[in-house]
There are 2 protein chains.
Amino acid sequence: MKRITIYDVAKEADVSLATVSRVINDSNVVREDTRIRVQEAIEKLGYKPNAIAQGLALSKTTTISIVMSEKLFSYNSKILNGLMDVAKIYNYNIMLHTTSKGISKMQDVIESIVKSRVDGVILFNDNFSEEELEVLHLYQIPMVVVGSKIEDKKDGNVGNVYIDFEKLAYEFVNSYFEKGITDISLVEDKLNLSMMHQLRQGVEKAYQEKGMKFEKYITYDDTYRSSYDFLTEYFETTKPSELVITFRDSQAIAFINACHEAGIKVPEETQVVAILDDKYLRMVRPTISSFNFPDYDMGAIAMRLLTKMLVNDEAVKENKDIEIGYTYIQRQTTRLD
Amino acid sequence: MKRITIYDVAKEADVSLATVSRVINDSNVVREDTRIRVQEAIEKLGYKPNAIAQGLALSKTTTISIVMSEKLFSYNSKILNGLMDVAKIYNYNIMLHTTSKGISKMQDVIESIVKSRVDGVILFNDNFSEEELEVLHLYQIPMVVVGSKIEDKKDGNVGNVYIDFEKLAYEFVNSYFEKGITDISLVEDKLNLSMMHQLRQGVEKAYQEKGMKFEKYITYDDTYRSSYDFLTEYFETTKPSELVITFRDSQAIAFINACHEAGIKVPEETQVVAILDDKYLRMVRPTISSFNFPDYDMGAIAMRLLTKMLVNDEAVKENKDIEIGYTYIQRQTTRLD
DNA sequence: TTGTAAGCGTTATCAC
DNA sequence: GTGATAACGCTTACAA
């Protein structure tokens, strides 16, 4: 069956295609009775405008690319929900690109983004490099980076919706210094090294200011199937610090399990906090302290920012950097005093 | 800066645009030295073919739509990974559509799918209706439904990659009958009613064959923030069945927590199994039994099936239904005897 | 082997 | 108000 086009509708309604185009675009210069006639023809034929042809004619695809690491998919689902919802509101389509070790390098993703002529892109701040950003910049595609802070940003059409992990770590560690606790471990999460880097910076800064040196950045190689496996093993033989900071829920859960099995009492002998909150943290026993970020809102804000950049909103020219706040959630694995 | 087109390349290389088109499409009729000349021009100008224009010219967008419920995002991440990876291999772009209660109804999603002129669609078998499927069918968009079995399928270009949840439930319940256990509860998960329906069918069938009636389908209304909250409360006051089957990890975890707090021993007094496996099931204590499905593979298989349908592979004409197997994973919440 | 020109389905600029 | 017609950027017969 032949795909029906604007011509078919024009013929059916006995008008020119220009008129049909006018009614589907709500141009108000068309007379009421012909509008109705055209509408009926559209209805009758089941006509849907071809977005591809529109895209070509308008040099505008009304689609936005989202790129994120495949591994981070389930963790970022809330942010994605926020992104999708406001994209929907503004009638943007979403093109999804994932990066993963073997199959799709950032280079390919950029290639297909450029070819697709999307109007803008949302980039999760994971594992892309300076040069890769540069390419997107070269093609002048408006974008906003969401997640953590990007440094050394070329001024141009790139926005940033971020959490200041450095500040978070700095302040949190300082609050423990005040309790007299200085033996602190930070456990690396390989899935998001850029955020880990910022956390580490914050911790180191806090130590430095006290004239101490931070030395317990716990890292491990890829021989472990997961950070969970590593931690389970690691803490069975290594005496844990007074405070252990992990990035993800799974790491914290692994840690408390290992403690339990080794007979170490949490939070009496060691306290633990996961940076990223997740529902599982309150499902396990003891419940695990963490930080709450407004994930959904971050996504929504990021997408809103991008749409504003796309219509060249003046208000957005000034301020394309939005810092997102967070709150500490005290649960059973940390002590208040 | 003006977007550079095939004309610019043609001029730069001093050939016609047809020739440029030939080299970017690997047409082998072009002489080696002119190919090189064109390649150099492309390189020099940083030319990337406009996929929109290509789409229009070819009536083929090389993009595939994926539609799934927003709520199910994090749960389906593995399947999505599989889908994305093979889409990447076949050079398809992915358009992502989510459905959610308030904002985007299936109707709108279909509308934008049709307008986008995507080549095919992957549909997660959640909450769409017969008529909605019908619309897609009307526009002759090839699609494959992934997740559970669709019934009463119009023969045409729709495939199905599925798990037979009815069979799973039927066989599992029967295995417990053999152990002499007949007091069994099935806990509803509102996020995926189509799968729940199939599970329930299987359980009921097993009961029926034994001349019994299945009565413990545990459901609850939306006043609860989550199934977790409900279960925690429910099982604090209600004596649990000998075997409790939940759909998701969070429900099973809620249940064992409630048991723990109520002093009920698992698996001695009540056994629990979650249908969908997830890493958290082996992180909690006791570890929770479940079924393992090859999520990633399901995604990969579904996408591969779709791509075959798109090239009109003869081999696929016959068999567009692929059943996916599963294995039972015995952990600490169930007993072997 | 290469070039010319029609066509893909729209929108937008003109006239009328 | 409405209708021709030229873009938009590419592919692909058909000619040369």
Side-chain angles (χ1 to χ4, degrees), chain A residues 1-39 41-42 45-63 91 93 112 114-119 139, chain B residues 1-39 41-42 45-63 91 93 112 114-119 139:
Chain A
M1 175 183 56
K2 174 181 171 294
R3 279 275 163 80
I4 77 114
T5 75
I6 201 170
Y7 286 101
D8 304 315
V9 177
K11 199 188 301 171
E12 177 74 28
D14 199 34
V15 292
S16 78
L17 78 171
T19 301
V20 178
S21 176
R22 287 191 188 99
V23 351
I24 62 182
N25 291 301
D26 284 329
S27 168
N28 49 3
V29 296
V30 44
R31 213 197 306 143
E32 190 56 20
D33 60 326
T34 93
R35 141 170 285 118
I36 293 176
R37 201 147 34 94
V38 172
Q39 287 288 15
I42 288 174
L45 300 178
Y47 166 73
K48 307 276 182 202
N50 182 329
I52 299 299
Q54 290 179 317
L56 189 58
L58 293 174
S59 298
K60 180 176 186 326
T61 52
T62 53
T63 109
N91 265 305
N93 288 315
S112 78
V114 173
K115 285 186 183 170
S116 309
R117 301 294 195 268
V118 297
D119 297 336
Y139 284 93
Chain B
M1 175 182 59
K2 175 179 172 296
R3 279 275 163 81
I4 78 114
T5 75
I6 200 169
Y7 287 100
D8 303 315
V9 178
K11 199 189 303 172
E12 176 73 29
D14 199 34
V15 293
S16 78
L17 77 172
T19 302
V20 178
S21 175
R22 288 188 188 100
V23 349
I24 63 183
N25 291 301
D26 285 329
S27 168
N28 49 3
V29 297
V30 44
R31 213 196 307 142
E32 191 55 20
D33 59 326
T34 96
R35 142 170 283 117
I36 292 176
R37 203 146 33 92
V38 172
Q39 286 287 17
I42 288 174
L45 301 178
Y47 167 72
K48 307 277 181 199
N50 182 329
I52 299 299
Q54 289 180 316
L56 189 58
L58 294 173
S59 298
K60 180 175 188 322
T61 53
T62 54
T63 111
N91 264 305
N93 288 316
S112 78
V114 174
K115 285 186 184 170
S116 309
R117 301 294 194 270
V118 296
D119 298 336
Y139 284 93

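Per chain, numbering begins at 1; letters A, B, ... match sequence-line order.
The shortest distance between the side-chain N/O atoms of A/R22 and the OP1/OP2 oxygens of D/dG1 is not below 4.0 Å. When the side-chain nitrogen and oxygen atoms of B/Y47 are compared with OP1 and OP2 of D/dC10, one or more of them lie within a distance under 4.0 Å. OP1 or OP2 of C/dT11 lies within a sub-4.0 Å distance of a side-chain N or O belonging to A/S21. Phosphate contact (OP1/OP2 of D/dG1, side-chain N/O of A/T34, threshold under 4.0 Å): absent. An OP1 or OP2 oxygen of C/dC8 is reached within less than 4.0 angstrom by no side-chain nitrogen or oxygen of A/N50.
Between the CG atom of A/N25 and the P atom of C/dG9 there is a distance of 17 Å, rounded to whole Å. One can place CG of B/D26 at 11 Å from P of D/dT11, the figure rounded to the nearest angstrom. Look at NZ on A/K11: it is 13 Å from P on C/dG9, rounded to the nearest Å. The CG atom of A/L56 sits 4 Å away from the C1' atom of D/dC8 (whole-angstrom rounding). Here C/dA5 presents its P atom at 17 Å from CD1 of B/I6, a figure rounded to the nearest Å. What separates CD1 of A/I4 from P of C/dG9 is a distance of 11 Å, to the nearest Å. In this structure, B/Q54 atom CD and D/dC8 atom P are separated by 17 Å, rounded to whole Å. Going from atom CG of A/D14 over to atom C1' of D/dG1 covers 15 Å, rounded to whole Å.
The nucleotide whose nearest atom lies closest to any side-chain atom of A/T19 is, among C/dC8, D/dG1, D/dG3, D/dG3. Among C/dT2, C/dA5, C/dT10, the nucleotide with an atom closest to any side-chain atom of A/A57 is C/dT10.
Contact of the A/K115 side chain with the B/Q54 side chain is not registered, since no non-hydrogen atoms from C-beta on lie closer than 4.5 Å. A/I24 is listed as a side-chain neighbour of A/I42, based on a closest heavy-atom distance under 4.5 Å. Using a 4.5 Å heavy-atom cutoff, the side chains of B/N93 and A/S116 are in contact.
Taking 3.5 Å as the limit, the base of C/dG9 and the side chain of B/R117 contain no donor-acceptor pair of atoms between them.
Atom CD1 of A/I52 and atom CD1 of B/I52 lie 4.5 Å apart (nearest 0.5 Å).
When each of B/K48 and A/Y7 is assigned the nucleotide of DNA chain D bearing its nearest heavy atom, the one mapping closer to the 5' terminus is A/Y7. Closest-nucleotide positions on DNA chain C for B/R35 and A/I24 were compared, and the one nearer the 5' end corresponds to B/R35.
Electrostatic pairing of A/D119 and A/K60 counts as a salt bridge here, judged by a charged N lying under 4.0 Å from a carboxylate O.
Using a 4.0 Å heavy-atom cutoff across all strands shown, B/T5 reaches sugar-phosphate atoms only and no base atom. B/V30 comes within 4.0 angstrom of the backbone, heavy atoms only, and of no base. If you check every strand for non-hydrogen atoms under 4.0 Å, B/I52 touches nothing.
Heavy atoms of other residues, nucleotides or ligands lying less than 6.0 angstrom from CG of B/N25 number more than 12.
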